[in-house]
There are 2 protein chains.
Amino acid sequence: MSDLLERLRGRGWRMTAQRRVVAEVLDGEHVHLTADEVHSRAVAKLPEISRATVYNTLGELVSLGEVLEVSTDQRAKRYDPNAHQPHHHLVCARCGAIRDVHPVGNPLADLPDSERFGFTVSDVEVTYRGVCPNCAAA
Amino acid sequence: MSDLLERLRGRGWRMTAQRRVVAEVLDGEHVHLTADEVHSRAVAKLPEISRATVYNTLGELVSLGEVLEVSTDQRAKRYDPNAHQPHHHLVCARCGAIRDVHPVGNPLADLPDSERFGFTVSDVEVTYRGVCPNCAAA
DNA sequence: CACTTACTTTGGACAATGTCTAATTCGAGC
DNA sequence: GCTCGAATTAGACATTGTCCAAAGTAAGTG
Ligand SMILES: [Mn+2]
Ligand SMILES: [Mn+2]
Ligand SMILES: [Zn+2]
Ligand SMILES: [Zn+2]
């Protein structure tokens, strides 16, 4: 994660204990935390960090393109540090577990012109749903 | 829409003015209204209908499989009467316009076993994003 | 190192969306 | 027309997120 912090400092980001902690919490693979989850974990490392700062920092990381906002359910937005490799998501319908996945082919090509209604289509977002091995065993 | 009302009556649905109005509001193609929008339009036809009833009725229609809940943005859920023909969505990033689309091929087949993490994958949801002709012209 | 200043953080008010409940009303079968 | 279980209602409450004015601080300057 010092990669990320270095890059951010290079972009003129003022470094604070709060921002360092948020960046630390977001480290890892298949990480898709809600703002509230980020806040809880951040508080464990820096008890005085406020909810507003977590929201501010997440918003900035998204603006900078260093974190993605994903919404796999209609509850809270989730924050995804895997911003530099395009991917989609596989979600367990029972427990909510989320994995990053890389389907083959280009889903954009699957939308015929006759189904584009004159839109300029530039992006596609795919969410697979199913049951994870843990939940299937239970 | 009397199709829908007939079907619902057949399923033992008690018919009320409120439910009739909600069903009327949801009639049409490419309809994807929020609960609040449904409420506004319902109030225009039946001024005393309450917010709670709109939420209740929409929830029941979803449970009955007569209306789909779609979330194309991370704001409010949208309610879609086109529940009997599987489809995906094309969304204008500027104005939020939503069209029903039918991509070719089976997107489920595009997810290799090596990318399934042991999940039993049963469903996929695709959202295309772009700019609609109206917004492109402006 | 101390100073300065613009940037950051903070608590709490506020907003948007949705859920729940207890009291009242009502549809529809008899 | 009655009756009764089902539906409606207003409003309290919950969750998620935004905004603001006041206080604190990172980091460049000399
Ligand atoms: Mn991801
Ligand atoms: Mn639709
Ligand atoms: Zn699971
Ligand atoms: Zn548009």
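Each chain gets a letter, A, B and so on, in the order its sequence line appears, and its residues count up from 1. Nothing here was measured: the structure is a model prediction, and the numbers come from that model. All values below come from the heavy atoms of this structure, side chains included, with hydrogens, waters and symmetry mates left out.
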Between which nucleotides of DNA chain C, 5' to 3', does chain B make heavy-atom contacts below 4.0 Å? dA16(C) to dA28(C)
Provide the closest heavy-atom pair for T57(B) versus W13(B) in the form atom of the first, atom of the second, distance. CG2-CH2, 3.8 Å
side-chain hydrogen bond (donor to acceptor under 3.5 Å, both in side chains) assessment of H87(A) paired with D80(A): CA-CA 11 Å; H87(A) 65 279; D80(A) 182 346; 3.0 Å; yes
Aromatic centroids of H32(A) and H30(A) separated by under 6.0 Å: no
Close approaches to DNA chain C from residues 48-72 of chain A, in residue order (heavy atom, under 4.0 Å): E48(A), I49(A), S50(A), R51(A), A52(A), T53(A), N56(A)
For N134(B), is the CG atom crowded, meaning more than 12 foreign heavy atoms sit under 6.0 Å from it? no
List in chain and number order the residues that pass side chain to side chain donor-acceptor pair (under 3.5 Å) with E60(B), two or more places apart in sequence or in another chain; answer none if no residue qualifies. R19(B)
How far does the helix from dC1(C)-dG30(D) to dC30(C)-dG1(D) bend, going by the axes of its first and last five pairs, to the nearest 10°? 20°
Identify, between G12(A) and A35(B), the residue whose nearest nucleotide on DNA chain C lies closer to the 5' end. G12(A)
With sequence neighbours excluded, tell me which residues meet salt bridge (charged side-chain N to carboxylate O under 4.0 Å, His left out) with E125(B). R129(A)
Base-contact (B) and sugar-phosphate-only (S) positions in nucleotides 22-30 of chain D, heavy-atom cut-off under 4.0 Å, - elsewhere: ---BBS---
Report the distance from atom CG of D73(B) to atom P of dT16(D), rounded to the nearest whole Å. 17 Å
Using a 3.5 Å distance criterion without hydrogens, assess whether the side chain of E115(A) forms a donor-acceptor pair with backbone atoms of H102(B). yes
Whole angstrom is fine here: how far is it from NE2 in H39(A) over to P in dT16(D)? 14 Å
Between S63(A) (side chain only) and G59(A) (backbone N and O only), is there a donor and an acceptor less than 3.5 Å apart? yes
Would you check if the side chain of E69(B) reaches a backbone N or O of Y79(B) as a donor-acceptor pair within less than 3.5 Å? no
In this structure, CG of L33(B) is separated from OG of S40(B) (nearest 0.5 Å) by 9.5 Å
Distance in angstrom units between L33(A) CG and dT16(D) C1', rounded: 16 Å
Charged N to carboxylate O below 4.0 Å: is that the case for E37(A) and R78(A)? yes
Does a side-chain heavy-atom distance below 4.5 Å link L90(A) with V121(B)? yes
Residues R11(B) and E66(B) bridged, charged N to O under 4.0 Å: yes
Q18(B) vs dT9(D): side-chain N/O to OP1/OP2 distance below 4.0 Å: yes
Let me know the distance between CZ of R20(B) and P of dA7(D), rounded to the nearest Å. 14 Å
